[in-house]
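As a basis for the values below, the full set of heavy atoms in this structure was taken, side chains included, without hydrogen atoms, waters or symmetry mates. Just so we're clear, the structure is a prediction, and the values are computed from it rather than from any experiment.
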Amino acid sequence: MTNLLSQANSKENREAFLDRIAKKAGRPRHQVKAFTPLNDLPEQVLAGKSGVELLTIAKENAEEVNAKVVVKKRAELEDFLKDYAQEIGAKRLLLPGVKPAKWQEYQLDHWAKATGIEQTDCWSTELSRMENEQLANQADLAVGFADYLIANTGTITVVVSPEQGRGFNFLPEHYLALVPKSGLVASTRQAVTKYEQRLAAGSLKTSAINFISGPSNSGDIEMELVVGVHGPLDCTYLVVEDL
């Protein structure tokens, strides 16, 4: 089936399909020219800022979108997560179904096996999408992984994967993302460029990339701002300083 889909979506088939449409329409096909930017303004966003300055800006902009940035070293993560779960009264936790090496990288392999929370579930490739999303919907807290923190907008980026699917970030009551400090970038352009490079190199395969700027904000009801109407009540970006 995969081979048939690949053949059907081949460049030759696409070109033949578009040629038929143009012929039926009685006009030549449009020729799309390569995009040429008018200026380099996207590259100039926060240009020349140091890592310390970018982190300060990221914290300020995250607060503007009702998200919280916390900076910790790997050795401090386990204690912080235990305290945070106790603070919000989490009884059901959802974790991504990543390999043990990922938790070891963050020195959280022991915590992932014994979180201290009443019930811990994992987003699993062995479950159906509906079953995974049901676990996410029942979770008080989801702790997952993000790739980049964009200083200019207070946004994190998360790749959709079989181990951390689409509903993982948006269905639990509270959401916490682990972000390596090396993933701190100045602008959306920088984050997108890094993803493009990884996709071109074949080191990344995904169906979607989520850009998350805090919990959802709604002011539709009598112009009163309500946070977390369409997703988690709050978002915490846990920046790992020594990664």
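Partner E78 forms a side-chain hydrogen bond (donor to acceptor under 3.5 Å, both in side chains) with one of H110, Q107, K72 and no other, that one being H110. With respect to V158, the side chain to side chain contact (heavy atoms under 4.5 Å, CB included) criterion is satisfied by exactly one of F168, F211, Y175: Y175. Residue W111 forms a side chain to side chain contact (heavy atoms under 4.5 Å, CB included) with just one option from D79, L95, L77, and that option is L95.
In this model, no donor atom of one side chain and acceptor atom of the other lie less than 3.5 Å apart for Q164 and S161. Side-chain contact of Y195 with T206: a donor-acceptor pair under 3.5 Å is absent, judged by distance alone.
Under a 3.5 Å cut-off, the side chain of E63 and the backbone N or O of E60 do not form any donor-acceptor pair. Without hydrogens or angle criteria, S203 side chain to L199 main chain gives no donor-acceptor distance under 3.5 Å. With T157 contributing its side chain and Y148 its backbone, the two residues share a donor-acceptor pair below 3.5 Å. Q134 contributes no side-chain N or O that, together with a main-chain N or O of M130, makes up a donor-acceptor pair within less than 3.5 Å. Listed for the S213 side chain is no donor-acceptor partner under 3.5 Å among the backbone atoms of T155. No side-chain donor-acceptor contact under 3.5 Å links N210 to the backbone of V159.
In terms of heavy-atom proximity, C235 sits nearest to P215 at SG-N, 3.5 Å. The two atoms that bring L94 and C122 nearest to each other are CD1-C, 4.0 Å, heavy atoms only. In this structure, V160 and R166 approach most closely via the heavy-atom pair CG1-CG, 3.8 Å. Heavy-atom minimum distance, P172 versus G167: CD-O, 4.0 Å. In this structure, I117 and A85 approach most closely via the heavy-atom pair CD1-CB, 3.7 Å. Contact between A177 and A146 at its shortest, heavy atoms only, is CB-CB, 4.1 Å.
Shown here is F17, whose CZ atom has no more than 12 heavy atoms of other residues, nucleotides or ligands within 6.0 Å. Residue Q86 places its CD atom among 12 or fewer non-hydrogen atoms of other residues, nucleotides or ligands, all under 6.0 Å distant.
Remark: V45 engages N152, S187 in a side-chain contact (heavy atoms from CB on, under 4.5 Å) (not counting sequence neighbours). Annotation: side-chain contact (heavy atoms from CB on, under 4.5 Å) contacts of A62 (sequence neighbours excluded): A67, V69, Y237. Taking K73 as the reference, E76, E241, D242 meet the side-chain contact (heavy atoms from CB on, under 4.5 Å) condition, with sequence neighbours excluded. Residues satisfying the side-chain contact (heavy atoms from CB on, under 4.5 Å) criterion with A47, sequence neighbours excluded, are Q44.
The closest side-chain heavy-atom distance from T193 to V185 is not below 4.5 Å. Using a 4.5 Å cut-off on side-chain heavy atoms (C-beta onward), L135 and L127 make contact. You'll find the side chain of D140 stays beyond 4.5 Å of the side chain of I88, heavy atoms only.
The salt bridge (charged side-chain N to carboxylate O under 4.0 Å, His left out) contacts involving residues 180-189 comprise E43-R189, where partners must be two or more places apart or lie in separate chains. Pairs passing the salt bridge (charged side-chain N to carboxylate O under 4.0 Å, His left out) check and including a residue from residues 109-123, sequence neighbours excluded, read R92-D121.
Remark: K82 does not engage E87 in a salt bridge, criterion side-chain N to carboxylate O under 4.0 Å. Between D234 and K68, no side-chain nitrogen of the basic residue sits less than 4.0 Å from a carboxylate oxygen of the acidic one, so the salt-bridge criterion is not met.
Between the CG atom of L233 and the CG atom of L141 there is a distance of 11.5 Å, given to the nearest 0.5 Å. Going from atom CZ of R129 over to atom CD of E133 covers 5.0 Å, rounded to the nearest 0.5 Å.
Under the 30°/60° scheme for interplanar angles, the aromatic rings of F145 and W103 are found to be tilted.
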Report task. Apply salt bridge (Lys or Arg N to Asp or Glu O under 4.0 Å) to the pair E15 and R29, showing each step before the final yes or no. Result -> CA-CA 10 Å; E15 292 297 322; R29 283 178 52 184; 2.8 Å; yes
